[in-house]
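Working notes, beginning with the structure itself.
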Amino acid sequence: MSEKLTDKRILVVGGGRGIGAEIVRRTRQAGADVVVAARSGPGVRIDVTDETTVARAAESLGAFDHVISTASAHHDVPVPELEHDKIQAAFSAKVVGPLLLAKHFFPRMPAHGSFLFFSGIVGWRPKPGTVVKGTSNAALAALVTHLAVELAPVRVNAVAPGVTDSGTWDRLPDERRRALYDSAAAASLAGRVGTLDDVADTALWLLGAGWVTGETVHVDGGARHR
Ligand SMILES: NC(=O)c1ccc[n+]([C@@H]2O[C@H](COP(=O)([O-])OP(=O)(O)OC[C@H]3O[C@@H](n4cnc5c(N)ncnc54)[C@H](OP(=O)(O)O)[C@@H]3O)[C@@H](O)[C@H]2O)c1
């Protein structure tokens, strides 16, 4: 698998932390030339909700073999508390952002190239308070099938992780994080939450999986089936 990434040019939007940072580390280890992008911090500035930054990055950085985005924005509230701006921000990060990345990076991409985006289990497990996250993640799964058809032979896929110890949950107080992990582990078939390795293994495999396109690969310890 790893030799398929040697000398490949890869853009990782959201590569500054969490799952994106692990993909950066692993693809570099595999010999790829990796550019990290995020809204702030070291690397190139791309905000997937701001088309100007996407267009500027595509013009200045040139062609990539693979473009990845882990960008997301959360708005987990009951329906009566929904806020229009935050709904739009969530869909902008997960759905509009990938469309803009495709718009600006596809014209420069070689035929063997691919896009890889991040959905999430909540798209398939409706629960009160998660309607925005659920529908934006499910919309992304629909988006990759449409993009895969239009951009072929360039491949377009998504990974849909279950609850993963990526660092993103460290913002919760210890007790709440432990409760989240315990209930997610109990709700999975594997009996545990995901690791960065679980998710990065699948992401790297998809980058090199030349006969897989238009797919959302579920990496959730079987939690969708409980
Ligand atoms: N961890 C989990 O349990 C889990 C479960 C299901 C699905 N997922 C999905 O997997 C993906 C990665 O998760 P994670 O845990 O690594 O999340 P994370 O730690 O929140 O990382 C998200 C990354 O996206 C970047 N980002 C956010 N908004 C952006 C924007 N508008 N433009 C450009 N970059 C943006 C962030 O960087 P800046 O803020 O610096 O820009 C950050 O580097 C997400 O899409 C998430 O929804 C994760």
Side-chain angles (χ1 to χ4, degrees), residues 11-26 34-58 67-76 85-86 88-101 104-105 115-125 127 130 132-141 143-144 157-172 176-177 180-185 187-188 192-200 202-203 206 216-221 223-224:
L11 176 67
V12 186
V13 181
R17 59 185 154 90
I19 291 168
E22 182 64 8
I23 292 171
V24 169
R25 194 182 70 76
R26 294 273 302 271
V34 184
V35 175
V36 176
R39 290 173 297 185
S40 56
V44 174
R45 185 175 174 261
I46 295 182
D47 178 343
V48 295
T49 70
D50 175 355
E51 184 167 10
T52 316
T53 67
V54 178
R56 208 176 280 150
V67 172
I68 300 169
S69 175
T70 64
S72 65
H74 304 301
H75 185 37
D76 297 336
D85 288 356
K86 291 182 180 168
Q88 284 193 321
F91 277 85
S92 282
K94 276 270 165 153
V95 185
V96 182
L99 275 167
L100 295 176
L101 290 169
H104 292 282
F105 284 94
F115 289 92
L116 181 62
F117 301 123
F118 276 78
S119 178
I121 185 172
V122 69
W124 290 263
R125 292 294 299 269
K127 272 193 301 206
T130 63
V132 172
K133 194 187 272 173
T135 52
S136 57
N137 279 292
L140 177 58
L143 177 64
V144 299
N157 292 299
V159 176
V163 172
T164 302
D165 185 11
S166 66
T168 199
W169 302 112
D170 294 357
R171 64 192 147 85
L172 295 178
R176 274 190 60 203
R177 189 175 66 251
L180 169 77
Y181 283 0
D182 287 349
S183 73
S188 79
R192 63 174 178 82
V193 297
T195 64
L196 283 172
D197 256 357
D198 289 324
V199 180
T202 308
L206 271 172
T216 293
V217 176
H218 298 275
V219 189
D220 58 13
R224 269 175 318 125

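Start at 1 and go down the list; that is how both ligands and their atoms are numbered. Along the sequence shown, the residues carry numbers beginning at 1. Everything quoted here is computed from the prediction, not taken from an experiment.
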Side chain or backbone, does [X] bring an N or O within less than 3.5 Å of an N or O on ligand 1?
| X | result |
| --- | --- |
| G14 | yes |
| I19 | yes |
| S166 | yes |
| V48 | yes |

Considering only non-hydrogen protein atoms, determine which one is nearest to [atom] and report residue, atom name and distance to 0.1 Å.
| atom | result |
| --- | --- |
| atom 4 (C) of ligand 1 | G162 O, 4.0 Å |
| atom 23 (C) of ligand 1 | T70 OG1, 3.5 Å |
| atom 35 (C) of ligand 1 | A71 CB, 3.5 Å |
| atom 30 (C) of ligand 1 | R39 CD, 3.5 Å |

For [X], take its heavy atoms, then give the atoms of ligand 1 lying under 4.0 Å from any of them.
| X | value |
| --- | --- |
| S119 | 7 (C), 8 (N), 9 (C) |
| V163 | 3 (O) |
| R17 | 18 (P), 19 (O), 20 (O), 21 (O), 36 (C), 37 (O), 38 (P), 39 (O), 42 (C), 43 (O) |
| I46 | 32 (N), 33 (C) |
| T49 | 31 (N) |
| G120 | 6 (C), 7 (C) |

Specify the closest pair of heavy atoms between [X] and [Y], including all atoms of both residues, with the distance to one decimal.
| X | Y | value |
| --- | --- | --- |
| A73 | A89 | CB-O, 3.8 Å |
| S92 | T49 | CB-CG2, 3.4 Å |
| G123 | A138 | O-CB, 3.9 Å |
| A93 | V48 | O-CG2, 3.8 Å |

Going by heavy atoms, is [X] under 4.0 Å from ligand 1?
| X | value |
| --- | --- |
| K94 | yes |
| G97 | no |
| S69 | no |
| S40 | yes |
| F117 | no |

*Return the set of residues passing salt bridge (charged side-chain N to carboxylate O under 4.0 Å, His left out) with R17 (not counting sequence neighbours), or none when no residue passes.*
none
_Partner of K94 by side-chain contact (heavy atoms from CB on, under 4.5 Å), out of T135, L143, N137_ = N137
*Given I19, V34, V35, the one that forms side-chain contact (heavy atoms from CB on, under 4.5 Å) with V24*: V34
*asked:* Please classify the P161 to ligand 1 contact at 4.0 Å (heavy-atom distances, strictly less than): side chain, backbone, both or neither.
replied: both
*Which is closest to atom 34 (N) of ligand 1 by heavy-atom distance: T53, V36, V13?*
V13
*Who gets closest to atom 31 (N) of ligand 1 by heavy atom: D165, V12, D47?*
D47
*List the steps and the verdict of side-chain contact (heavy atoms from CB on, under 4.5 Å) for I121 and H218.*
CA-CA 7 Å; I121 185 172; H218 298 275; over 6 Å; no
*asked:* As a quick check of understanding, evaluate side-chain contact (heavy atoms from CB on, under 4.5 Å) for S166 and V199, giving each step before the final call.
replied: CA-CA 9 Å; S166 66; V199 180; over 6 Å; no
*For atom CZ of R125, is the number of surrounding heavy atoms from other residues, nucleotides or ligands below 6.0 Å larger than 12?*
yes
Let me have the donor-acceptor pairs involving side chains of residues 36-46, under 3.5 Å, with sequence neighbours excluded, atom names and distances please.
none

_side-chain contact (heavy atoms from CB on, under 4.5 Å) for V193 and W169? Distances and angles first, verdict last._
CA-CA 12 Å; V193 297; W169 302 112; over 6 Å; no
*Does the side chain of D220 reach to within under 4.5 Å of the side chain of W124, using non-hydrogen atoms?*
no
